[in-house]
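What follows is one structure encoded as structure tokens, with my remarks underneath.
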Protein chains: 2
Amino acid sequence: MDSLPETGTARRDSTAAILAAAERVFARGGFDGARMNEIATEAGLPKANLHYYFGTKERLYRAVLEAILTQWLDAAAEWIVPGRHPAEALTGYVQAKLDHARLRPEASRIFAAELLRGAPLVMPFLAGEQRRRVQDMSLVFAHWATQGLMDHLPPAHVFFCIWAMTQTYADFDVQIRAVLAQDALDGQTFADAAATVTALVLKGCGVRAAD
Amino acid sequence: MDSLPETGTARRDSTAAILAAAERVFARGGFDGARMNEIATEAGLPKANLHYYFGTKERLYRAVLEAILTQWLDAAAEWIVPGRHPAEALTGYVQAKLDHARLRPEASRIFAAELLRGAPLVMPFLAGEQRRRVQDMSLVFAHWATQGLMDHLPPAHVFFCIWAMTQTYADFDVQIRAVLAQDALDGQTFADAAATVTALVLKGCGVRAAD
DNA sequence: GTCTATATAGCGATAGAC
DNA sequence: GTCTATCGCTATATAGAC
């Protein structure tokens, strides 16, 4: 039995529509820039329904953030395992992060805006789950380095750099579009991005090509 | 003769205090998150004075942005000139960008928040001055590449990556602090960052050591 | 459960005394 | 030029009809 009433598909449809609309609107203006009215219009529902389902604007924002974090967690980290060759692992990791930037830019921007605000809501995630994952992946890096498969660089900083390089194509795409004079980031641009980031990471970490 | 009355140092002191306070407050919450009241309190002045000097919140925000862009322009691009060896040039460029992230994190965050919002105000700068600078620096990269001093990578994307890697230490420092379990990013952390980013860029671009 | 109409608060902006 | 007091609007949130 759920804590919330579950009377059929109406609730699921409405909440899903609200969450999808909220993600788009929060991505455009952040928490403070978003208007409940705008979310309601975009979801095709009266504003009062948002409050009926989620109570307050902050709880709706939390729900959006949690959905983002949940689906984010499964994404790329599984590439970094000791059994794999670092060339293959890092190529897959970078590609998975770039795919996320291309396919779910709103999610990336909401997360970026939350960090810019000082991460009042996702701090527990950062200091917990994410910190642990970086520690785990750092052990794999150390393993590869002692085997002579890659250089000794501070693993955490390598991840900070990979996150930054890949997420910039979602978070700051307006800058990239302006510099490249493009209306939208197309497949060719993301292919160039993948080639560049992969080259910087693989050659930068001294990874020799996989056999 | 100025368009604004200049009766002495009172105006200059007040406007300077307001701009400094505004930069801090806008850096914390972005345009929408900032409160004129908060800026006034932090500047030690009544709120009405902000409107007396700057008219509206948006014009105060524009003034902060312009100050940031002005001092940003002179910063790092002068490293990328054909006469220099790419090893020295890229090392200096990365270091200059990291110094900016360490010394003026609020400026970096305000710019990041502006990009996240779709760059309504700095779009002319992006499509004009910044695009031209990237084109100029790209020519230098092409020059170095034809001389065999570095690999052929898409120059614009290399800059996107360098910007991302260096600015992440200002914009998303809360994430880095959480993962590293540090209260504040200290000199050692920035030294590790410099070593990592420089390694990724130099080795990633296939730059051989300068003679 | 769903919607219309409204209450309440907070913010940007201003009037007007000094 | 500087400040206090206040206006008017907008946005979140809710009351209550259906």
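Below, all heavy atoms of this structure are taken into account, side chains as well, without hydrogens, waters or symmetry copies. Naming: A, B, ... by sequence-line order, numbering from 1 per chain.
In this entry the distance linking CZ of A:R59 with C1' of D:dT14 reads 15 Å, nearest Å. Put simply, CG on A:N49 is 15 Å from C1' on D:dT12, counting in whole angstrom units. Taking atom OH on B:Y53 and atom P on D:dC3, their separation rounds to 9 Å, with Å as the unit. For A:N37 and C:dC3, the CG to P distance is 14 Å, given to the nearest whole Å. Computed from coordinates, the B:H51 NE2 to D:dC7 C1' distance equals 13 Å when rounded to whole Å. One interatomic measurement links the two molecules: CG of B:D32 to P of C:dC11, which rounds to 13 Å at whole-angstrom precision. D:dT12 atom C1' lies 15 Å from atom CD of A:E38, rounded to whole Å. Between B:L45 atom CG and D:dT4 atom P there is a gap of 11 Å when expressed in whole angstrom units.
Proximity note for A:R35 (side chain, C-beta onward) versus D:dC3, D:dT12, C:dA13: the nearest is D:dT12. Counting only heavy atoms from C-beta on, A:K57 has its side chain closest to D:dT12 among C:dT4, D:dT12, C:dT2. Closest to the side chain of B:P46, from the set D:dC3, C:dT4, D:dT12, is D:dC3.
Between A:Y52 and C:dT2, a side-chain N or O to OP1/OP2 separation shorter than 4.0 Å is absent.
Note on A:A34: only backbone sugar-phosphate atoms sit closer than 4.0 angstrom, heavy atoms only; bases stay farther off.
A:D183 CG: 12 or fewer foreign heavy atoms inside a 6.0 Å radius.
Rounded to the nearest 0.5 angstrom, A:H152 NE2 and A:F141 CZ are separated by 12.0 Å.
A ring-centre distance under 6.0 Å is found for A:F111 and A:W72.
A side-chain donor-acceptor contact under 3.5 Å links B:T189 and B:D186.
Heavy-atom nearest nucleotides on DNA chain D were determined for B:K47 and for B:G44, and the one closer to the 5' end corresponds to B:G44.
Checked for salt-bridge contact, B:R132 and B:E129 meet the test: a charged N lies under 4.0 Å from a carboxylate O.
B:M137 is listed as a side-chain neighbour of B:Y93, based on a closest heavy-atom distance under 4.5 Å.
For the segment residues 17-28 of chain A, the set of residues with a heavy atom within less than 4.0 Å of an atom of DNA chain D is empty.
Scanning both residues, A:Y169 and A:L185, for their nearest heavy atoms gives O-CD1, 3.5 Å.
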